[in-house]
Amino acid sequence: MKDALHRIGLPTGVELDVQVAGHGGHPPVILLHGFPESHRTWREVVPDLARDHFVLAPDQRGYARSSKPQGVEQYRADLIVADLIALADHVGIDRFTLVGHDWGGAIAWTAALRHPTRVARLVIVNAPHPFVFLRSLFDDMEQRRASQYITRFQDTSLDRGLVGAGLERFFSSTFAQALTRAVAGEDKAAYLDEWAQPGAMTAMLNWYRASGLRVPGMDEHPPRPALLDAPFPPVTQPTLVIWGLADKALLPVQLEGLDALVPDLTVVKVDAGHFVPWENAPAVIAAMRDWGV
């Protein structure tokens with residue numbers, strides 16, 4: 001199938017724009033972007049994979065011109081995972097390699113745990129395992145400090161200023177500053193256009209709000225959740241974790257103890273910040289190819 005952006009309606013009630021590349025008879029790979037991006041996250045990765053894979057890179061619900069259902073509850077992880085499985089069903093894919101960055105990685109971890117018969121292999125790019133991340137918010141004060149932006153993103157009053165020039169100010173003064181440094185010219189203009197779509201900023205930030213995650217304040221001493229001392233189900237798929245060590249939002253503590261939760265684990269550390277596919281796409285491609293994708 002020719003490389004193109006397709007509008008696909010799903011039985012989950014949303015329509016997603018999906019970049020489709022490669023031949024339908026080749027091994028399937030689905031690529032999930034994070035905040036505040038789109039399929040453009042993978043602009044350098046898709047052409048390489050498409051040489052010998054069937055590649056799908058959706059704009060997930062709430063992003064770019066994909067559907068933006070109203071209400072925070074519409075951005076729960078279980079609904080977004082359902083979109084992923086419905087997309088695979090729509091194109092006739094049974095088992096597939098799943099790749100995710102940032103929030104896309106969070107969805108990928110969840111999908112691997114909940115749908116082990118569908119997700120054959122897992123590639124994670126700077127996205128913390130849910131158990132490790134929660135543990136780090138209680139046990140590692142530097143990670144807690146680095147995660148304080150999440151509380152701000154969960155504040156709905158933030159949305160009112162995210163129009164026009166406010167968009168550029170927002171992204172030049174927050175967690176996503178590394179992204180606006182990494183993209184320029186037509187790429188930056190395309191992102192600004194996507195962010196300016198009606199309801200886009202609220203929808204994207206609703207991923208944070210629907211997560212139920214509460215980051216303790218630096219001066220708080222909340223009780224440690226009991227689940228952190230209980231068994232957590234392992235990820236059974238072969239898993240590659242690609243980690244940009246210069247990430248200021250997700251610190252290397254996210255790799256500690258990961259092997260106990262992911263028995264078949266390969267970790268590749270690369271020279272990049274949080275937005276690894278933009279900052280060092282060749283390293284991402286090399287790690288995936290060396291691993292056997």
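Just so it is clear, the values below take in all heavy atoms, side chains as well, and ignore hydrogens, waters and symmetry mates. Just so you know, residue 1 is the first one in the sequence shown, and it goes up from there.
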inquiry  = Determine whether the aromatic ring centres of residues Phe54 and Phe96 are separated by less than 6.0 angstrom.
reply    = no
ask   = Atom CG of Leu84 and atom CZ of Arg61: how far apart are they, to the nearest 0.5 Å?
value = 12.0 Å
request  = Of all the heavy-atom pairs spanning Leu98 and Ala108, show the shortest one and how long it is.
outcome  = CD2-CA, 3.6 Å
task = Answer with yes or no after comparing the ring centroid distance for Tyr208 and Tyr75 against a 6.0 Å cut-off, counting only values under it.
result = no
ask   = Looking only at atom types and distance, does a side-chain atom of Thr151 sit under 3.5 Å from a main-chain N or O of Tyr149, one as donor and one as acceptor?
value = no
Any pair counted as ring-ring contact (aromatic ring centres under 6.0 Å, His included), so long as it reaches residues 250-272, sequence neighbours left out = none
task = May I ask whether Leu255 and Leu122 are part of the same hydrophobic cluster, defined by side-chain heavy atoms of I, L, V, M, F, W, Y residues being less than 4.5 angstrom apart, directly or through others?
result = yes
request  = Please identify each residue that fulfils side-chain contact (heavy atoms from CB on, under 4.5 Å) with Leu228, with sequence neighbours left out.
outcome  = Phe131, Leu134, Arg135, Phe138, Arg224, Pro225
ask   = Can you check whether His53 and His23 have ring centres sitting under 6.0 Å from each other?
value = no
inquiry  = Within the 3.5 Å criterion, strictly below it, is a donor on Gln254 or Ser136 matched to an acceptor on the partner's side chain?
reply    = yes
task = May I ask you to test the Ile242-Asn126 pair for a side-chain heavy-atom distance under 4.5 Å?
result = no
query = Are the charged groups of Asp159 and Arg209 less than 4.0 angstrom apart, N to O?
reply = yes
message = Within the structure provided, determine whether His33 and Gln60 are in side-chain contact (heavy-atom separation under 4.5 Å).
response = yes
message = Applying the side-chain hydrogen bond (donor to acceptor under 3.5 Å, both in side chains) criterion to Glu37, which one of Trp195, Trp42, Tyr191, Trp103 satisfies it?
response = Tyr191
key: His129 ring center near Phe232 ring center (under 6.0 Å)   = yes
task = Could you tell me whether Asp193 and Lys188 make a salt bridge, using a distance below 4.0 angstrom between a side-chain N and a carboxylate O?
result = no
key: Flag, side chain of Arg144 to backbone of Leu137, donor-acceptor distance under 3.5 Å   = yes
ask   = Can we call the ring centroids of Phe133 and Trp109 under 6.0 Å apart?
value = no
Would you tabulate the side-chain donor-acceptor contacts of residues 111-120 under 3.5 Å, counting partners in other chains and residues two or more places apart, or write 'none'?
unit_1: Arg118; atom_1: NE; unit_2: Asp94; atom_2: O; d: 2.7
unit_1: Arg118; atom_1: NH1; unit_2: Asp89; atom_2: OD1; d: 3.1
unit_1: Arg118; atom_1: NH2; unit_2: Asp89; atom_2: OD1; d: 2.8
unit_1: Arg118; atom_1: NH2; unit_2: Ile93; atom_2: O; d: 2.8

Any donor-acceptor N/O pair, Glu279 side chain to Gly273 backbone, under 3.5 Å = yes
ask   = With a distance cut-off below 6.0 Å to the six-membered ring centre and an angular limit of 45° from the axis, does Arg121 pair with Trp291 as a cation-pi contact?
value = yes
task = Evaluate the side-chain proximity of Asp102 to Phe275: yes if any heavy-atom separation is below 4.5 Å, no if none is.
result = no
inquiry  = I'd like to know if Arg7 and Asp59 make a salt bridge, using a cut-off of under 4.0 Å between side-chain N and carboxylate O.
reply    = no
ask   = In the single-linkage hydrophobic clustering (I, L, V, M, F, W, Y; side-chain heavy atoms under 4.5 Å), do Leu213 and Met204 co-cluster?
value = yes
query = Should Glu15 and Arg65 count as an ion pair when the cut-off is N to O under 4.0 Å?
reply = no
